[in-house]
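Convention: sequence-line order gives letters A, B, ...; per-chain numbering from 1. The figures here come from the full heavy-atom set of this structure, side chains too, leaving out hydrogens, waters and symmetry mates.
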Amino acid sequence: MLKDLRINNSLSGKKELFEPIHAPFVGMYVCGPTVYSDVHLGNVRTFVSFDIIYRYLLHLGYKVRYVRNITDVGHLVNDADAGEDKIAKKAKLENIEPMEVVQRYTQDFHRVMDQFNALPPSIEPSATGHILEQIELIELLIEKGLAYEVNGSVYFDVKAYQKDHNYGKLSGRKIEDLLSNTRALDGQDEKRESVDFALWKSAVGTDHIMRWKSPWSDGFPGWHLECTVMGTKYLGKTFDIHGGGMDLKFPHHECELAQSVGAHGHDPVKYWLHTNMLTVNGQKMSKSLNNSFLPHELFSGDHELLERPYSPMTVRFFMLQSHYASTLDFSNDALLAAQKGYRKLMNGLKTLRNLHVNEGEDATPNEKATAQINQICDNCYRAMNDDFNTALTLGHLFNLLKKINNLHTQNLTISQIGQEAFDRMKHTYKTFVLEILGLKEESNLDIDGLMDIVIKEYAAAKEAKNYDKVDVLRSSLKSQGIVLKDMKSGIDWAYEE
RNA sequence: GGUCCUGUGGCCGAGUGGCUAGGCAGUGCUCUGCAAAAGCAUCCACAGCGGUUCGAAUCCGCUCGGGACCUCCA
């Protein structure tokens, strides 16, 4: 019963029972970042959301293959034929190689994900590593009459696809609206219809550095192609979960879907998941709106909208307090509240470590008390099983924490709830906080500051010739791997060598 | 303009036909040398107007407000 996971499938718009295609294996593909600049907090929210989903699936015992790509080519600045590749543009701007751009921001992305305690994916493929596969897919699509070549570029023929399939079924769009809703963009002459999208872009006659040989021209692949190709390569022609931010639903995921269906004749994905946006004053956080926060700005507090710094785990907790499919509004007050809540939860772990059965406590467990504990533990699973509702899960964990604190203050005793329920409570709390929600204890202790206090005590004891105390301090510190050094210039400390 | 989402207490945010969400803040009390932490109690709510129902924050309609996508975005 506790394993009845239900997830909201964007394709059907309904909450569906999660049944993997080949249990216990689960294939999950998440659209990763385009590495042309720093990831901002909104980007982070999506990856943290999928980190929770990944962690929970693992916790349920599934063998998950989590693929998250790195987009390092093909993502155009806009949809026009003359649209520049984002990576190439940045490289030109900074006068470095495109691959230097890619390397720099990929490394930065990994560092940030690590700071937020997100588990690395099982496979992290890059678009440039799969040019051959992308060319093969384009050839297949041309063969099937779903793509056409113009001047060395190849476009997906949405109208031709529409004859047998339904373009727009994921994003809820009608093809007629898309066809009539044409926007005048420069240099779209090559495409037969504005809804058609690039599979291959010719770089002939341009100074594009990122180019590969193909049957059509020296050029580079279109953005939507990489996900189709890499998803298929590592997870198969049908896999369980495909996720990404809400803003990728159209056109990116719609195009991906069309490419897969066009090439293989059937849907590639059983459950589509979309995470919602992080907002600032009610508006979507995005690079183009200039309202985004970079992780390091948050950690340092160095941003005009920030009153003070916030730690990675505070921010993670803040994100967990909302559901992944809801927008989440960023504010100082909310972050401050999150910091306190987060620390309270962490203090619970500490309290829990020190809870033990008292000697001579052997009263019979109170049925009601035991049932309450079990109820709360069940609730944690129930909440996560309901489309990964982390906000509700946190609520239940705080209820559990209240019980833990009651034990701590002896308003409640372990014997009253019974050893079994106590063990379950302990295990549930730790597992949910650390493993499933992926929170960790952050030590912001300043060891130099602490040692100053100790050294003052030490100096005072020496002054008073209280050598017993001096010896105790020395040996206690030594057991922590720290040695004190009495020098003419004063007392110093060092790690034991 | 089209499509869709959304409006919950001082703040943030779950819930979704009947049962205390939770966190932060506030108030009172217990504990305490003073604090802090913790506990106990308490205050503050479902945008507005209609409708369905024994019962609606939850379903339906309208009005008003906010947002997303339709162009690059997680």
Student: A:Tyr29 vs A:Ile123, test: side chain to side chain contact (heavy atoms under 4.5 Å, CB included). Steps then yes/no.
Tutor: CA-CA 10 Å; A:Tyr29 189 97; A:Ile123 302 177; over 6 Å; no
Student: Can you tell me how far P of B:C72 sits from NE2 of A:His40, to the nearest Å?
Tutor: 16 Å
Student: Could you give the distance separating B:G13 and B:G7 at their C1' atoms, to the nearest angstrom?
Tutor: 13 Å
Student: Assign A:Gly282 to base, sugar-phosphate, or nothing according to its heavy-atom contacts below 4.0 angstrom with the strands shown.
Tutor: sugar-phosphate
Student: Does A:Thr409 reach a base, just sugar-phosphate, or nothing at all? Heavy atoms under 4.0 Å.
Tutor: sugar-phosphate
Student: Can you tell me, in whole Å, how much space there is between the C1' of B:A47 and that of B:U8?
Tutor: 10 Å
Student: Would you jot down, in residue-number order, the residues of residues 108-120 of chain A having a non-hydrogen atom under 4.0 Å from RNA chain B?
Tutor: none
Student: Determine the contact category for A:Met277: base if any of its heavy atoms lies under 4.0 Å from a base atom, sugar-phosphate if only primed atoms, P, OP1 or OP2 are that close, otherwise nothing.
Tutor: base
Student: Can you find a heavy atom in the side chain of A:Phe422 that is under 4.5 Å from one in the side chain of A:Leu355?
Tutor: yes
Student: Which whole-number value in Å describes the distance from A:Leu170 CG to B:U3 C1'?
Tutor: 14 Å
Student: Report yes if some heavy atom in the side chain of A:Asn43 is under 4.5 Å from a heavy atom in the side chain of A:Pro33; otherwise report no.
Tutor: no
Student: Would you say A:Asn291's side chain and A:Lys284's backbone share a donor-acceptor pair under 3.5 angstrom?
Tutor: yes
Student: Extract the stems that RNA chain B is part of, considering only consecutive pairing runs of at least three Watson-Crick or G-U wobble pairs, both distances under 3.5 Å.
Tutor: B:1-7 with B:64-70, B:10-12 with B:22-24, B:26-30 with B:38-42, B:47-51 with B:59-63
Student: Does some side-chain heavy atom of A:Tyr167 sit less than 4.5 Å from a side-chain heavy atom of A:Leu178?
Tutor: yes
Student: Of all the choices, B:A38, B:C72, B:A74, which nucleotide is nearest to the side chain of A:Pro251 once you look at every atom?
Tutor: B:C72
Student: After noting the C-alpha distance and the side-chain angles of A:Arg192 and A:Val150, does the key distance pass the side chain to side chain contact (heavy atoms under 4.5 Å, CB included) rule?
Tutor: CA-CA 10 Å; A:Arg192 290 181 192 161; A:Val150 184; 5.8 Å; no
Student: To the nearest Å, give me how far apart CH2 (A:Trp223) and C1' (B:C72) are.
Tutor: 8 Å
Student: For nucleotides B:C59 and B:G66, find the distance between their C1' atoms and express it as a whole number of Å.
Tutor: 23 Å
Student: Considering only heavy atoms from C-beta outward, does the side chain of A:Ser260 approach that of A:Asp267 to under 4.5 Å?
Tutor: no
Student: Assign each of A:Phe250 and A:Thr275 to its nearest nucleotide of RNA chain B by heavy atoms, then name whichever residue's nucleotide is nearer the 5' end.
Tutor: A:Phe250
Student: Under 6.0 Å from the ring centre and within 45 degrees of the ring axis: does the NZ or CZ of A:Lys287 meet both conditions for the six-membered ring of A:Tyr36?
Tutor: yes
Student: So, OP1 or OP2 of B:A38: does either fall under 4.0 Å of a side-chain N or O from A:Asn405?
Tutor: no
Student: Could you work out the separation of B:C70 and B:U20 based on their P atoms and round it to a whole Å?
Tutor: 43 Å
Student: Rounded to whole Å, please give me the gap between CG in A:Asn8 and C1' in B:C5.
Tutor: 12 Å
Student: What is the distance, rounded to the nearest whole Å, between atom CG of A:Asp247 and atom P of B:A74?
Tutor: 7 Å
Student: Nearest 0.5 Å, what's the OG1-CE distance between A:Thr314 and A:Met319?
Tutor: 11.5 Å
Student: Over all heavy atoms of both residues, which pair between A:Thr370 and A:Pro365 is shortest? Give the atoms and the distance, please.
Tutor: OG1-CB, 3.9 Å
Student: Over how many whole Å does the gap from A:Leu407 atom CG to B:A37 atom C1' extend?
Tutor: 16 Å
Student: Quickly work out the A:Glu176 CD to B:G2 C1' distance and round it to whole Å.
Tutor: 12 Å
Student: So does A:Asn406 get a side-chain nitrogen or oxygen closer than 4.0 Å to the phosphate oxygens (OP1/OP2) of B:C40?
Tutor: yes
Student: How many Å lie between CG on A:Asn276 and P on B:A74, as a whole number?
Tutor: 15 Å
Student: Suppose you measure atom C1' in B:U16 against the same atom in B:A45; what distance do you get, rounded to whole Å?
Tutor: 15 Å
Student: Using the C1' atom on both, measure B:A38 against B:A74 and round to a whole Å.
Tutor: 40 Å
Student: Could you work out the separation of B:C43 and B:G28 based on their P atoms and round it to a whole Å?
Tutor: 15 Å
Student: In a check of ring pair (Phe, Tyr, Trp, His ring centres under 6.0 Å) between A:Phe156 and each of A:Tyr161, A:Trp200, A:Trp223, which one passes?
Tutor: A:Tyr161
Student: Do any N or O atoms of the protein come closer than 3.5 Å to N or O atoms of nucleotides 12-23 of chain B, and which pairs are they?
Tutor:
residue, atom, partner, partner atom, Å
B:G13, OP1, A:Asp329, N, 2.9
B:G13, O3', A:Gln321, O, 3.4
B:G13, O2', A:Gln321, O, 2.9
B:A14, OP1, A:His323, N, 2.9
B:A14, OP1, A:Ser326, OG, 3.2
B:A14, O3', A:Asn389, ND2, 3.1
B:G15, OP1, A:Asn389, ND2, 3.1

Student: For nucleotides B:C46 and B:G10, find the distance between their C1' atoms and express it as a whole number of Å.
Tutor: 16 Å
Student: Centroid-to-centroid, A:Phe47 to A:Phe116, below 6.0 Å?
Tutor: no
Student: Between A:Tyr381 and A:Phe432, is the ring centroid distance below 6.0 Å?
Tutor: yes
